[in-house]
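The chain is numbered in sequence order, starting from 1. Counting starts at 1 for both ligands and their atoms, in listed order.
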Amino acid sequence: MTNETIDFQRNRREMVKNQLTRRGITDPKVLAAMGEVPRESFVSTEYRHLAYKDSPLPIGYGQTISQPFIVAYMLQALHIKNPATAIVLEIGTGLGYQAAVLSRFTRHVYSVERVMELAIQAEQNLLALNYTNITVSHGDGGYGWQKHAPFDGIVVAAAAPEIPPPLVAQLKPGASLVIPVGEPGNQKLWRVARSHDARIVKERLVPVAFVPLLGEHGYAEQRARK
Ligand code: SAH
């Protein structure tokens, strides 16, 4: 089958039903957003026919577009309470898929990507699809984005050795950070919530498999290349 003859809309509907709803994603705003964003526009032509496959896919530079279920799970775990006013931060833009989904139920998404070429391509993808409430920046997301902090939620798409302190510091009271932590083969997803009385509550969610976070609060580059 050529890309032109694939019924992407139908594949997307089935993805929502079979990969998300059936596996316990219940948040209506996450399900609606996953049903709207054309994932096929965030993968290269050679992988387009696999856009709704139940797995991550390569996007170049040794990076991947995350599995649909994991995107939905992380965005549900963010517990966004007031979509109309929520300002959120994503670390690891990739080609912009998760940022696009998140932008459907938040006021503004700030996203940081350390590979310049990916950041540029993500901006182009998002522009072409008319997502106007997303700002992409090239840089080391381990520092967060102080200029726009504090955030109503922070989601990290690459696994860190430990929870980066700058990200916890950039959470509003009542907001959560969702982040994979640990070495390849032994990663867990964590939710770190700042309570209204300023306590930090950490909760371990599920085992996951992410590319490593690199940079100051991530893994050293040569270790990541092994
Ligand atoms: N959010 C993407 C997933 C991209 S994979 C999606 O929706 O598919 C994770 C991304 O994190 C990669 O593009 C990688 O380059 C990036 N990354 C790794 N370390 C980073 C860092 N310190 N700062 C910002 N981005 C980083």
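Looking at Q19 and P68, their side chains come closer than 4.5 Å, going by heavy atoms from C-beta outward. Side-chain contact between R48 and F8 is present, with at least one heavy-atom pair separated by less than 4.5 Å.
Other residues sharing the hydrophobic cluster of I87, ordered by chain and number and joined by side-chain separations under 4.5 Å: L89, I91, Y110, V112, W145, F151, I154, V156, I163, L167, V168, L171, L177, I179, V181, W190, V192, I200, L213.
Remark: R39 is positioned above the aromatic ring of Y97, its terminal NZ or CZ atom under 6.0 angstrom from the ring centre and at most 45 degrees off the axis.
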Between ligand 1 and the protein, give all atom pairs where both partners are nitrogen or oxygen and the distance is under 3.5 Å, as lines of names plus distance to 0.1 Å.
unit_1	atom_1	unit_2	atom_2	d
ligand 1	1 (N)	E90	OE2	3.1
ligand 1	1 (N)	G92	O	2.8
ligand 1	7 (O)	Q98	N	2.8
ligand 1	8 (O)	S66	N	3.1
ligand 1	13 (O)	E113	OE1	2.7
ligand 1	13 (O)	E113	OE2	3.4
ligand 1	15 (O)	E113	OE2	2.6
ligand 1	19 (N)	L214	N	3.1
ligand 1	22 (N)	D140	OD1	2.9
ligand 1	22 (N)	L214	O	2.6
ligand 1	23 (N)	G141	N	2.8
ligand 1	25 (N)	R114	N	3.3

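The side chain to side chain contact (heavy atoms under 4.5 Å, CB included) test with R191 singles out one residue from R204, H79, K202, and that residue is H79.
Atom NZ of K29 has more than 12 heavy atoms from other residues, nucleotides or ligands within 6.0 Å.
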